[in-house]
Amino acid sequence: MQIKVLGSGAGGGFPQWNCNCGNCRAVRAGTPGFKPRTQSSLAVSANGADWLLLNASPDLRQQISAAPELAPNADDGLRASPIKAVALTNGDVDHVAGLLNMREAQPFSLYAAGRVLDALGANPIFTILQTPLVPRIELHMDEAVAIRGAGLELGLAIRAFPVPGKIALYLENANAPNFGTSAGDTLGLEIIEAATGDSFFYIPGCAKVDAPLADRLRGAKLAFFDGTLFQENEMIEQGLLGKTGSRMGHINVSGADGSIAAFAPLGVKRKIYVHINNSNPLLNAFSNEYAIAHAAGWEIGEDGMEVRL
Ligand code: MLT
Ligand code: MN
Ligand code: ZN
């Protein structure tokens with residue numbers, strides 16, 4: 001299996017268009033240790049020719065331009081794309097807005113939880129992806145489903161499962177507080193190569209490593225995991241947004257309930273942070289926090305990173 005990190009940043013990317021925080025200033029200035037990051041997405045292929053996108057970020061057009069394997073082949077027909085399917089982990093803007101870049105009457109399959117498909121279905125702009133060409137397929141929890149798209153089998157399966165998380169920000173209702181989660185608002189995905197049975201986990205949004213998630217991850221070969229914030233109050237302390245990590249539905253990297261501690265006993269062989277927010281000190285490769293995560297066996301995801309499994 002070939003895996004490519006298209007975007008390792010969280011919503012807003014890095015730098016974020018309207019942000020003048022220390023990290024965003026530093027990356028704009030080209031300071032050593034800081035690299036720009038586009039928004040949250042991975043691409044996966046079993047045969048190197050046909051690709052599955054995991055989330056479709058608002059930066060998808062730029063991400064495709066930076067990834068030759070995602071461009072039409074010169075000997076393909078007049079309209080063509082190696083991208084045959086997209087699977088979504090939630091309905092957040094950073095994970096669905098790229099679908100709008102995938103109009104132009106190109107066939108591919110769209111996989112998501114029922115609640116996310118409902119959110120897309122309630123928004124007429126997504127009818128630009130016409131349903132005969134772009135079938136919307138519900139991911140049922142804990143069922144491995146073979147991924148097909150544009151008439152092809154991709155040689156990949158997805159087993160989706162609910163993780164603690166949050167309803168999409170734009171669906172939060174201040175008058176009838178619905179903060180929290182219903183199963184299917186936030187998914188983790190296990191991507192399985194059909195030929196070998198090898199698999200990896202992609203969990204870019206997750207509020208807590210609870211016991212079922214820990215059991216699932218134990219001994220995994222590879223996990224891409226929510227690296228949004230290093231610590232609970234970092235956005236408040238930097239004066240960016242009056243919200244904690246937990247209020248945003250994201251686990252922190254550090255602390256007793258953080259992901260470094262939660263993964264420590266699980267024996268996951270390769271652990272890579274993705275969905276990293278622009279406030280996170282992990283974005284400075286020379287920071288103490290980077291050294292702490294690295295010493296705990298974590299890699300800090302970067303755009304363009306390639307992993308073979
Ligand atoms: C998140 O991951 O918390 C969301 O992307 C927030 C947002 O929609 O901006
Ligand atoms: Mn996000
Ligand atoms: Zn910033």
Side-chain angles (χ1 to χ4, degrees), residues 5-31 33-42 53-60 63 87-100 112 115-116 119-120 123 163-174 178-181 185-189 202-208 224-230 232-253 259 273-284 287 289 301 303:
V5 177
L6 300 182
S8 52
F14 184 52
Q16 178 173 308
W17 73 283
N18 63 344
C19 190
N20 238 337
C21 76
N23 279 347
C24 286
R25 283 175 191 261
V27 73
R28 269 189 210 108
T31 309
F34 293 84
K35 290 186 180 167
R37 283 165 166 85
T38 61
Q39 293 167 80
S40 181
S41 175
L42 260 57
L53 293 189
L54 304 179
N55 290 323
S57 102
D59 301 319
L60 182 58
Q63 292 167 343
L88 306 176
T89 59
N90 63 21
D92 278 342
V93 172
D94 55 345
H95 289 159
V96 307
L99 291 170
L100 300 176
R115 286 172 61 79
V116 173
L120 299 181
N123 190 330
V163 297
K166 189 177 73 58
I167 198 166
L169 184 57
Y170 59 86
L171 294 174
E172 286 187 20
N173 182 344
N178 58 350
F179 169 68
T181 188
D185 279 333
T186 310
L187 302 186
L189 303 178
Y202 175 57
I203 311 173
C206 180
K208 183 180 182 346
F224 293 89
F225 193 74
D226 185 336
T228 309
L229 301 185
F230 195 82
E232 176 77 349
N233 292 318
E234 86 189 27
M235 299 208 57
I236 298 170
E237 282 170 12
Q238 295 181 40
L240 297 172
L241 181 73
K243 281 187 187 173
T244 60
S246 353
R247 176 62 185 82
M248 294 192 295
H250 294 293
I251 190 173
N252 304 293
V253 168
S259 53
Y273 282 124
V274 290
H275 194 277
I276 305 166
N277 194 57
N278 56 76
S279 57
N280 192 324
L282 291 178
L283 292 171
N284 176 1
S287 67
E289 291 86 351
D303 291 17

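Start at 1 and go down the list; that is how both ligands and their atoms are numbered. Quick caveat, the model's predicted, so the values are computed rather than measured.
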For this session: Could you pull out the closest heavy-atom pair between Gly205 and Thr186, with the gap in Å?
Result: O-CG2, 3.3 Å
Exercise. Would you say His95 reaches the Mn ion (ligand 2) with an N/O/S atom under 2.8 Å?
Worked result: no
Problem set entry | Contact atoms of ligand 1, heavy-atom distance to His275 under 4.0 Å | 2 (O)
Exercise. Does Asp92 bring an N, O or S atom to within less than 2.8 Å of the Mn ion (ligand 2)?
Worked result: no
Exercise. Numbering the atoms of ligand 1 from 1, which are under 4.0 Å from a heavy atom of Asp94?
Worked result: 5 (O)
Exercise. Can you tell me the N, O or S atom of Asp94 that's nearest the Mn ion (ligand 2)?
Worked result: OD2
Exercise. Within Asn23, is some N, O or S atom less than 2.8 Å away from the Zn ion (ligand 3)?
Worked result: no
Problem set entry | Salt bridge present between Arg115 and Asp185 (N-O < 4.0 angstrom) | yes
Exercise. Tell me, which protein residue and heavy-atom name are nearest atom 9 (O) of ligand 1, and how many Å apart are they?
Worked result: Leu169 CD2, 3.9 Å
Seminar exercise, completed: For the Zn ion (ligand 3), angle spanned by Cys24 SG and Cys21 SG (nearest 10°) is 110°
Exercise. Between Asp92 and Tyr170, do the side chains contain an N or O donor and an N or O acceptor separated by less than 3.5 Å?
Worked result: no
Exercise. Does the distance from a Lys or Arg side-chain N to an Asp or Glu carboxylate O, for Glu172 and Arg247, drop under 4.0 Å?
Worked result: yes
Problem set entry | Closest non-hydrogen atom pair, Phe224 against Leu42 | CD1-CD2, 3.7 Å
Exercise. Do the side-chain N and O atoms of Ser40 and His95 include a donor-acceptor pair separated by under 3.5 angstrom?
Worked result: yes
Problem set entry | Winner among His250, His95, Arg247, Lys166 once heavy atoms are compared against atom 2 (O) of ligand 1 | His250
Problem set entry | SG (Cys19) to the Zn ion (ligand 3) to OD1 (Asn278) angle, given to the nearest 10 degrees | 100°
For this session: Would you name the heavy atoms of Val163 and Cys206 that are closest together and state the gap between them?
Result: CB-SG, 4.2 Å
For this session: Write out the residue and atom name of the closest protein heavy atom to atom 4 (C) of ligand 1, then the distance separating them to 0.1 Å.
Result: Asp92 OD2, 3.2 Å
Seminar exercise, completed: On a heavy-atom basis, the closest approach of Val253 and Leu282 is CG2-CD1, 4.0 Å
